[in-house]
Protein chains: 4
Amino acid sequence: MSADITTARRGRPRSEKARDAIVHASIELLLERGVAATTVDAVAVAAGVSKATIYRWWSTKETLAMDALYQEWATTSPAVDTGSVRADLRTLLCPWAELAARRPYGRIIAGLLVEVVSNPDFALEYRARFLEHRREQGRVILQRAIRRGEIPADTPIEIVLDMLYGPVYHRLLHGHAPIDDVFVCQVIDTVLDGIKPDPADRADAAS
Amino acid sequence: MSADITTARRGRPRSEKARDAIVHASIELLLERGVAATTVDAVAVAAGVSKATIYRWWSTKETLAMDALYQEWATTSPAVDTGSVRADLRTLLCPWAELAARRPYGRIIAGLLVEVVSNPDFALEYRARFLEHRREQGRVILQRAIRRGEIPADTPIEIVLDMLYGPVYHRLLHGHAPIDDVFVCQVIDTVLDGIKPDPADRADAAS
Amino acid sequence: MSADITTARRGRPRSEKARDAIVHASIELLLERGVAATTVDAVAVAAGVSKATIYRWWSTKETLAMDALYQEWATTSPAVDTGSVRADLRTLLCPWAELAARRPYGRIIAGLLVEVVSNPDFALEYRARFLEHRREQGRVILQRAIRRGEIPADTPIEIVLDMLYGPVYHRLLHGHAPIDDVFVCQVIDTVLDGIKPDPADRADAAS
Amino acid sequence: MSADITTARRGRPRSEKARDAIVHASIELLLERGVAATTVDAVAVAAGVSKATIYRWWSTKETLAMDALYQEWATTSPAVDTGSVRADLRTLLCPWAELAARRPYGRIIAGLLVEVVSNPDFALEYRARFLEHRREQGRVILQRAIRRGEIPADTPIEIVLDMLYGPVYHRLLHGHAPIDDVFVCQVIDTVLDGIKPDPADRADAAS
DNA sequence: CGGTAATCGAGACGGTACGTCATGTCTTACA
DNA sequence: TGTAAGACATGACGTACCGTCTCGATTACCG
C-alpha cells in the first residue's frame, strides 16, 4: 500500500497539494451537479491543476469520484459495544444516515452505481470500499448479539444487513421520503423484533 | 384525455410501428450496455428509424429509457386478496423480484436514478411510474391486514414499504448478493414478525 | 407552356393564388437572407402554404429561387433603336443596372451561381434565362451598329458582351464599389472607344 | 505581429502537419464538389484529423475555404515593368487567367461569394485577400502608364480595373465561354484602346 | 552543484456522441 | 387530383467531453 520508506523515488515527488485540491474540487462539483455533469476539465480548473495531472493518478472520472466520495464517506464510527444490539446498531447507523442526509451524496452514489452495474472490476472495488466495510461492522454487532443470546443463532445475517442498509439507500436514491432518526430507528426496531418472533405467529409461514 | 372521435387529426399520423421499434431496440441496447453506453444513434440504427424521429417524441435519452423500461416493468400483478398478509405480500413481491432478477434491469435503473437525484421533474415522473404504483399495491395489502387485525393499526406503513422494497433494490443495484425467493420471503417474514412484537421486548425502545 | 384550354384536367386545379404567394414569399426571404439561409419551411409558412405544394411544382430550392428571381429580373426593356450604339447600349444597360442596384439581388445570384458551377443542367437553364436573353439584346444592338458602320465588322461580339456585363456583375457580386450610371456609361464608352481604335496606336499589339 | 522570441509558449504547440493536411484536403474536396457539398466531416476524414481540430482554427467552413483557396490563388506574379502598359497587363493577367482556367476554382469562388454578399465582415476579409491584392498591382501598372504618358492622366482607374477583372470573373462564374489568352488579350486591348479615344468621336458622350 | 528524472501547467489532439436543423418524401383527411 | 398538416429518413451541423499527447518549466534526489 505505502511506498517503502527506504526506497528513494527518483524525480519530482507527487504534489500532495495538488491531490488535495483535486479531491476537494471534485467532491464539491460532484455534489453540486452529479457525476455525469461534472467534467474533468471543470475539476482541473476548479482545482487549479492540469487535466494531465488528474489522469496521471486517476484513470477515469469514476475512479476519481469514488476517491472523492470515500474521503467524506469513510468517517467510520467504530462498532462500539454498548451492551445491547439495538443501541449498537443505532450507534452504527444513525450517524451514517445523518451524514447521508446532510448533503446530496445520492447524486454521487447513483453515478457510481451506473459503473457498478456495468463494470465488474469497478463493482468489486466499490463494494469493498463502500459496502463491505460497513456491513462488516454490522456483522460484528449481530454476531456479538448471537453470542449474548439477544438474537437467534440461525439469524440470516446477510439478509438482515440488507434489511438495515437497503431501506436507507432506497430513500437516498429515490428521494421519496426523508432519512431521519425516526426512520432509521424504526427500521432497526422492526428488524430486531422480526428476527426473534413469537413462534405461535409463524403458523402460516410454512405454506 | 381521449381525443374527440369526431375531430379528424390533420397530417400524417404518428407511426406506431416506429414507436414500437424504438422502444424495443432501446430496451435491448439498454439491458446490454446500460444507459450511458447506449447512444441514440445506435437505437435509431437498431430500430431502423431516424434519429430525428426519436427526438421528436422523447426529449432526452433518459425519458426514452424510462418508457422502454416501463414497457417491461409495468407487468402488474394485481394485489390479490389471498386471505393473509404474508401470502398477499409474497404474491406481490416474488413475481416482481423474479422479473428484476431475470435480466440486468439494474443497469437501466441505475442510469435513471442518476437523473432522479439531479432532476426533480424527472424524479416526480419516475417515482410516479416505478415506485408509487407498486407501493400503492403494498399499501392496500397492509391496510387490509390492519382491518383484519393481522398487524397493528399504528403500523408505520410507509416505512414498512421501504423495508420491503429497499432490500431488493439494494441487491439489484449493488449486485453483492442474488435476488431469489428465499431472500424475498425472508424479508417479508422478518418485516411482518417485526411489526407485531412482544411488547415486553421493547422496553429500551422508548429511550 | 400554357395548358391547352380545351383539355379538361381531372381533379382540383392548381391554385394560382398559392403559386403567387410562394414566389412572392420566396423573393422577399431570398433578398433578406440569401439562398442558403432561406429554408423551404420558412417559405411555406410565409406563403401560408404546405411544403408539399412547393415541392410539387419546384423540385429543389434553387429551382424555386430561379423562378422567384426571374419574376423580378425579367423586366425586359426591348432593344430599342435610338439611332446610335452608345444610346442603344445605355438604354439597354442603365435600367438593368439600376434594378440590380436597388435591392441585394447579388445575394440570390451568388446562391444560384453555386449551383451553376456544379450542376451543368442547372447552368444551362440559368444561362438561358438570365444571361442569354440579355446578351441577345446586346448582340442585336452591336450587329445593327456594324450594319450602320459605327463599329468594325470584325468586332468580337461575344467578348464585347462580356466586357459590358462582366464589370457590372463583378461589382454586384463583390460589392467593392457601387453600380451607378456613371459607372455603366463609362464602361460603355470605354468599350465602344476601344473597338474602333486609331490603328497607329496598335503597333505594339502584334508582339 | 511576430511572437516575442524570448516568450516561451506554453502548452502543446499547434501541429503544422495537421494544418497542412486540412488545407490540402480542403482544396481537393472543394474543387471536386464545391463549398456546399464539401462537409467538414469529409475534410476531417480526408485529412486524417479530428473535426474539433478544424473548428478550433476555422470558425466556419467558408473561412477554411478562403484559406484553402488562398494557398493556391496567392501565387503572385509581381507587377513587372516591361516598358509598356499592354505588356505589363498581359504579364499580370494572363498567368492568373490561366490559373483560374486550369481547375474549377469557380466552384470555390461562387461558394465564397455567397458569404461575401451576406456577411460584411467576411466580405472585407475576402476582398482584401482576393481582390485588392491583384487590383493594387493593376493600379501600379496603370499609374506607371500615366506617368509614362501612355494613357490619359484622368483615366478612371477603378473602373478600368473592373473592366479588366470583371469579364474574366464573369466567364469563370457563369461558364458560358472559355477563359483563354485570346480572350484576356482582347479585353486588355479593348480597354487600353478605349481609354485614349479620338476626341472627335465623343461628341455625344457629354449628353 | 550539475545531471537525471519524474512531476507539473498548459493546451492541442483524435475520437465520439450529442441534440438541432434542413432537405425532400410520404401519408393522412379534406376540399 | 390538389392541398394543408405534419411525420418521416437522411445526413450535416457545430458543440462538448473524454482521455492522450506534447511541450516547456519545475523540483526533488543523486552522483
Side-chain angles (χ1 to χ4, degrees), chain A residues 8-15 17-18 36-42 44-45 47-61, chain B residues 7-15 17-19 36-42 44-45 47-61, chain C residues 9-15 17-18 36-42 44-45 47-62, chain D residues 7-15 17-19 36-42 44-45 47-61:
Chain A
R9 299 260 296 291
R10 305 279 306 240
R12 178 174 176 174
R14 174 172 185 180
S15 159
K17 212 180 81 185
T38 298
T39 71
V40 177
D41 284 82
V45 169
V49 141
S50 160
K51 201 163 53 141
T53 303
I54 296 179
Y55 279 109
R56 186 182 307 277
W57 305 107
W58 292 276
S59 58
T60 67
K61 186 169 64 168
Chain B
T7 302
R9 300 262 295 293
R10 308 287 298 253
R12 179 175 176 172
R14 174 172 184 181
S15 161
K17 213 181 81 186
R19 204 210 87 99
T38 298
T39 71
V40 177
D41 285 83
V45 169
V49 140
S50 158
K51 200 166 50 147
T53 301
I54 297 179
Y55 280 109
R56 183 186 306 274
W57 302 108
W58 292 277
S59 59
T60 67
K61 190 167 58 171
Chain C
R9 301 261 296 290
R10 305 278 308 249
R12 178 172 175 176
R14 174 172 186 183
S15 160
K17 212 182 81 187
T38 298
T39 72
V40 176
D41 284 84
V45 169
V49 141
S50 159
K51 201 164 52 143
T53 303
I54 296 179
Y55 279 109
R56 183 181 307 277
W57 305 108
W58 292 275
S59 59
T60 66
K61 185 169 64 167
E62 283 73 24
Chain D
T7 301
R9 302 262 295 291
R10 308 287 296 255
R12 180 175 175 173
R14 175 173 185 182
S15 163
K17 213 180 80 185
R19 202 208 87 98
T38 297
T39 71
V40 176
D41 284 84
V45 169
V49 141
S50 160
K51 203 165 49 145
T53 301
I54 297 179
Y55 280 110
R56 183 186 307 276
W57 302 108
W58 292 277
S59 58
T60 67
K61 190 166 60 170

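Below, chain A is the first sequence line, B the second, and so on; all start at residue 1.
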Classify every nucleotide of nucleotides 16-21 of chain F by which part a protein heavy atom approaches to under 4.0 Å, writing B for the base, S for the sugar-phosphate alone and - for neither, in 5'-to-3' order. -SSBBB
Which residues pass the side chain to side chain contact (heavy atoms under 4.5 Å, CB included) test with D:Ala42, not counting sequence neighbours? D:Leu29, D:Arg33, D:Thr39
Could you give the CD1-to-C1' distance, from B:Ile54 to F:dA7, as a whole number of Å? 14 Å
Could you pick out which residue, C:Ala18 or B:Thr53, lies toward the 5' side of DNA chain F when each is mapped onto its nearest nucleotide? C:Ala18
Nearest of F:dA4, E:dC8, F:dG2 to any side-chain atom of A:Ser15? E:dC8
Sequence-distant partners of D:Arg19, side chain to side chain donor-acceptor pair (under 3.5 Å), two or more places apart: D:Gln71
OP1 or OP2 of F:dC8 versus the side-chain N and O atoms of B:Trp57: is any pair under 4.0 Å? yes
Closest-nucleotide 5' rank along DNA chain E - winner of B:Pro13 and D:Val49: D:Val49
Residues in side chain to side chain contact (heavy atoms under 4.5 Å, CB included) contact with C:Ala52, at least two apart in sequence or another chain: C:Ser50
With a cut-off of less than 4.0 Å, is there a side-chain N or O of A:Arg56 near OP1 or OP2 of E:dT7? yes
Where each residue is assigned the nucleotide of DNA chain E containing its nearest heavy atom, which of B:Gly11 and D:Gly48 is assigned the position nearer the 5′ end? D:Gly48
Under the side chain to side chain donor-acceptor pair (under 3.5 Å) test, which residues partner D:Thr60, sequence neighbours left out? D:Thr63
Over how many whole Å does the gap from D:Trp58 atom CH2 to F:dT15 atom P extend? 15 Å
Under the salt bridge (Lys or Arg N to Asp or Glu O under 4.0 Å) test, which residues partner B:Lys51, sequence neighbours left out? B:Asp41
Please report the closest heavy-atom contact between A:Ile54 and A:Val49, naming both atoms and the distance. CG1-CG1, 4.0 Å
